[in-house]
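Whatever order the structure lists ligands and atoms in, that order sets their numbers, starting from 1.
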Amino acid sequence: MRRTLIAGNWKMNGSLATNAALLSEIIAGMPVAPSRDVVVCAPFPYLAQCADTLAGTVVSLGAQDVSVHAQGAFTGDVSASMLSDFSCGYVIVGHSERRAYHAEDDALVAQKVLRVLDLNMTPILCVGEMLEQRESGQTNEVVAAQLNAVLDVLTSDHLSRLVVAYEPVWAIGTGKTATPQMAQDVHAFLRQQIAAKSSDSAELVQIVYGGSMKPDNANELLQMPDIDGGLIGGAALKAVDFLAIIAAV
Ligand code: PEP
């Protein structure tokens, strides 16, 4: 039985003051022993603040990107070991905003996933099609290429520790959501792709949905058999909304 994972992606939002307020509301509203894994992925400069605030709570910390390099002359980059030093358990890799604005390709994303796994953190690998790709019937082809570029470099031990986020690009930050059935179809397809490498791992890998998930659509999405949680952008910045998604059945 896979646990549900609810991960907040704060993107480039926040300040010391607003983070403190948001985290204290989230922590106060969390069940003592949640049945779900809950993560907040904060911007790099606030990882120390968030690590201190979340220590000893049921909320885990994540980062939003990682360098493909281990260390050295890579000005502005942040390595996996640095993230690990600040208690990150999760790292978002290959978010569509990184792919679009920083020209990250599948090969680079695959190497980043390896870096994260090597440091015993969990990569949240984002895959998803653009609107014109969906409209021209290419969704499965696009997400398969993105996922398989990563699966091809992973060992079977790595594979069971992967989290995949299906994030249709046209649904991110737009208020448009894939219908539960549309999302379920892609999640089931992604699980089949993983099963082609290892059927045991396919049963373990959490595949979460991202793209305008909100309190009012979380229930139906999370009820689908292959949707194991959510990667939440906008709604993760409001404690009441994030907590409502965590509590959705
Ligand atoms: C995201 O950025 O990963 C995301 C899903 O954003 P939103 O929930 O705002 O669509």
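Gln146 and Asp106 share no side-chain donor-acceptor pair at under 3.5 Å. Side-chain atoms of Trp170 and Glu132 form no donor-acceptor pair, as typed in the model, at a separation below 3.5 Å. Gln138 and Ser136 share a side-chain donor-acceptor pair at under 3.5 Å.
Ring geometry for Phe74 versus His69: interplanar angle under 30°, hence parallel rather than tilted (30 to 60°).
Residues of the protein with a heavy atom under 4.0 Å from ligand 1 are Asn9, Lys11, His95, Glu167, Ala171, Ile172, Gly173, Gly210, Gly211, Ser212, Leu231, Ile232, Gly233, Gly234, listed by chain and number.
The pair Arg191-Glu203 does not count as a salt bridge, with every side-chain nitrogen at least 4.0 angstrom from each carboxylate oxygen.
For residues 208-221, every residue pair satisfying the side-chain hydrogen bond (donor to acceptor under 3.5 Å, both in side chains) rule, not counting sequence neighbours, is listed here: Thr177-Asn217.
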